[in-house]
Number of protein chains: 2
Amino acid sequence: MDNIQLIKGSCFELNKEIADESIDLIVTDPPYGMSFVSNIRKIKHRPIANDDNLLWLPEWFKDQFRLLKDNSHAYVFCSWHNIDVFKIQASNAGFQLKNILIWFKNNAGQGDLFGDYAPQYELILFLTKGRKLLNGKRLSNVIRCPKTGNENHPTEKPVPLIQLLIEKSSLQGDLVLDNFFGSGSCAIACSNLNRRFIGHEIDEERFNDANKRVQMILSQTKLF
Amino acid sequence: MDNIQLIKGSCFELNKEIADESIDLIVTDPPYGMSFVSNIRKIKHRPIANDDNLLWLPEWFKDQFRLLKDNSHAYVFCSWHNIDVFKIQASNAGFQLKNILIWFKNNAGQGDLFGDYAPQYELILFLTKGRKLLNGKRLSNVIRCPKTGNENHPTEKPVPLIQLLIEKSSLQGDLVLDNFFGSGSCAIACSNLNRRFIGHEIDEERFNDANKRVQMILSQTKLF
DNA sequence: ACTACGGTTGAATCCTGAA
DNA sequence: GTTCAGGATTCAACCGTAG
């Protein structure tokens, strides 16, 4: 059985195949519910699946709570636009919202150029099921990390950022779940840190890209 | 008539004396609804009035909306603990939530030392009534500013931070409202920037302290 | 190690014009 | 009138390179 499992398909279906309380850590970047299509690039990226509404969110959070072991952590990215919905639904599902972390990016986004402040952060819900201590020294809830990304994955999360979260909340050999792995940053972080990984991605093209990216890392790892 | 008016009493009552659409800008730091009593200091500070629940929030936001001129801005501090309530009630009152700013402090707070990330920011709701452009160059929605404060006012907001918000969203001579002026930072910022100010504080001791602080600034200003 | 400088980028929103 | 789709737009911060 592979330690890094990338599965193509809908997490809403595929989660049913995962046993209750079998996951040590959740790190995921779900659709924000913003119908986001970047307009900055000449070639527009494809819309993000399930990004047009958040009707799936309540059941999804409940499923995450079911899958996670007791005394474990979950990190869920979101934006301030829907922070109220994410916060309320995470609580409804049984999670304790322990903190809201700030991913403070290197450069700002666009938006209303004259009537608004420039967006330069994203939020990360830090959720707990039971009580678990964080590894290592105490960190701030404002985390500075340069953005990565490309035309195919404008919402890609930096591997170093994901690695930080994984190291704070899991040990080697632990099983990490990411229902929306997108560009595959979490899989790569898990590979780098010797965590087991199971992830889902419904978009075929994104799945293939991430698969290539991960396979390249895995093959490099084997070489040394 | 004084340009800087500090009024002792409940804003819920005293707002009734203010005419509709007579305020150019709102900058305020209401009770966060956390029943916050600091354990850090030897002399525990007195509980914050109206901090045991947020039942007053819907009507308060509606009143703020009534008082504010069209095409104007409001800045309301809050913490992530109740961001959902603040966000929803601000919208219900008619405001557009244009952004959520991050006040990124220089040093972190306490809290759960082993099971949590250290709190190092506070949130500021950036609300609009109608459309108004920001003055000056485009700023990030993450604002770095060192924390100030003392034993009497553990939640004191830095004058430079308040001045930044006031300068972005108002002109000289404009009238700024702060229903919960606490340590009086907003009054001082207004004095420094030649804005008119009207503010309320229900706690007698805090009112007196702020009054002294402001009178000292005003008397210094007159000397030169 | 430090400074200077050019190149690149951005989970967006507004406005316009067509339907 | 109203909705909707598509195009145009900021500049500050950061990075990499060179001196």
Measure from [atom1] on [X] to [atom2] on [N] and round the result to the nearest Å.
| X | N | atom1 | atom2 | value |
| --- | --- | --- | --- | --- |
| Asp112(A) | dC11(D) | CG | P | 13 Å |
| Arg138(B) | dA13(D) | CZ | P | 12 Å |
| Tyr117(A) | dC14(C) | OH | C1' | 19 Å |
| Tyr32(A) | dG10(C) | OH | C1' | 14 Å |
| Gln110(A) | dA11(C) | CD | P | 8 Å |
| Gln120(A) | dC14(D) | CD | C1' | 10 Å |
| Trp103(A) | dA11(C) | CH2 | P | 7 Å |
| Ile143(B) | dA13(D) | CD1 | C1' | 16 Å |

Which one, [options], comes nearest to the side chain of [X]?
| X | options | value |
| --- | --- | --- |
| Leu113(A) | dT9(D), dA11(C), dC14(D) | dT9(D) |
| Arg144(B) | dA12(D), dC14(D), dC14(C) | dC14(D) |
| Lys157(A) | dT13(C), dA11(C), dC15(D) | dA11(C) |
| Lys147(A) | dT10(D), dG10(C), dT13(C) | dG10(C) |
| Phe114(A) | dT10(D), dT13(C), dA11(C) | dT10(D) |

What closest approach, in Å, do [X] and [Y] show between heavy atoms, and which atom pair accounts for it?
| X | Y | value |
| --- | --- | --- |
| Gly33(A) | Asp51(A) | N-OD1, 2.7 Å |
| Asp178(A) | Phe197(A) | CB-CE1, 3.6 Å |
| Lys87(B) | Leu97(B) | CG-CD2, 3.6 Å |

Q: Measure distances between side-chain N and O atoms of Asn107(A) and base N and O atoms of dT9(C), and say whether any donor-acceptor pair falls under 3.5 Å.
A: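 When only heavy-atom distances are counted, Asn107(A) does reach the base of dT9(C) through a donor-acceptor pair under 3.5 Å.
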
- Item | dA11(C) base / Asp51(A) side chain donor-acceptor hit below 3.5 Å |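 Absent.
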
Would the distance check show the side chain of Lys129(B) and the main-chain N or O of Gly94(B) forming a donor-acceptor pair, the cut-off being under 3.5 Å?
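No.
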
* Check the side chains of Ser169(A) and Tyr75(A) for a donor-acceptor pair under 3.5 angstrom, ignoring hydrogens and angles. =>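 Looking only at side-chain atoms, Ser169(A) and Tyr75(A) do form a donor-acceptor pair, the distance falling under 3.5 Å.
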
Using a heavy-atom cut-off of under 4.0 Å over every strand shown, decide if [X] touches base, sugar-phosphate, or nothing.
| X | value |
| --- | --- |
| Leu139(B) | nothing |
| Ser79(A) | nothing |
| Pro47(A) | nothing |
| Asp116(A) | nothing |

Writing each nucleotide of DNA chain D 5' to 3' as (, ), [, ], | or . by Watson-Crick or G-U pairing under 3.5 Å yields .||||||||.|||||||||

Within less than 4.0 Å of OP1 or OP2 of dA11(C), is there a side-chain N or O belonging to Lys105(A)?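 Answer yes for this pair, as a side-chain N or O of Lys105(A) is under 4.0 Å from OP1 or OP2.
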
query = For His81(A) and dT13(C), is the shortest distance between a side-chain N/O and OP1 or OP2 below 4.0 Å?
reply =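 Yes, His81(A) has a side-chain N/O under 4.0 Å of OP1/OP2 on dT13(C).
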
Report task. Between Gln96(B) and Gly109(A), just flag the one whose closest nucleotide in DNA chain C comes earlier from the 5' side. Result ->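 Closer to the 5' end of DNA chain C: Gly109(A).
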
Checklist entry - Are Tyr32(B) and His81(B) an aromatic pair by the rule of ring centers under 6.0 Å? => result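 No.
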
Inset, instruction - Run the salt-bridge test on Arg66(A) and Asp63(A) with the 4.0 Å N-O cut-off and return the result as yes or no. - result: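 Counted as a salt bridge, because a side-chain N and a carboxylate O are separated by less than 4.0 Å.
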
| query | Quick one: ring-ring contact (aromatic ring centres under 6.0 Å, His included) partners of Phe180(A), sequence neighbours excluded? | reply |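 Here the qualifying residues are Trp56(A), Trp60(A).
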
For Gly111(A) and Ser140(B), take the nucleotide of DNA chain D holding the closest heavy atom to each; which residue's nucleotide lies nearer the 5' end?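 The residue mapped nearer the 5' terminus is Gly111(A).
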
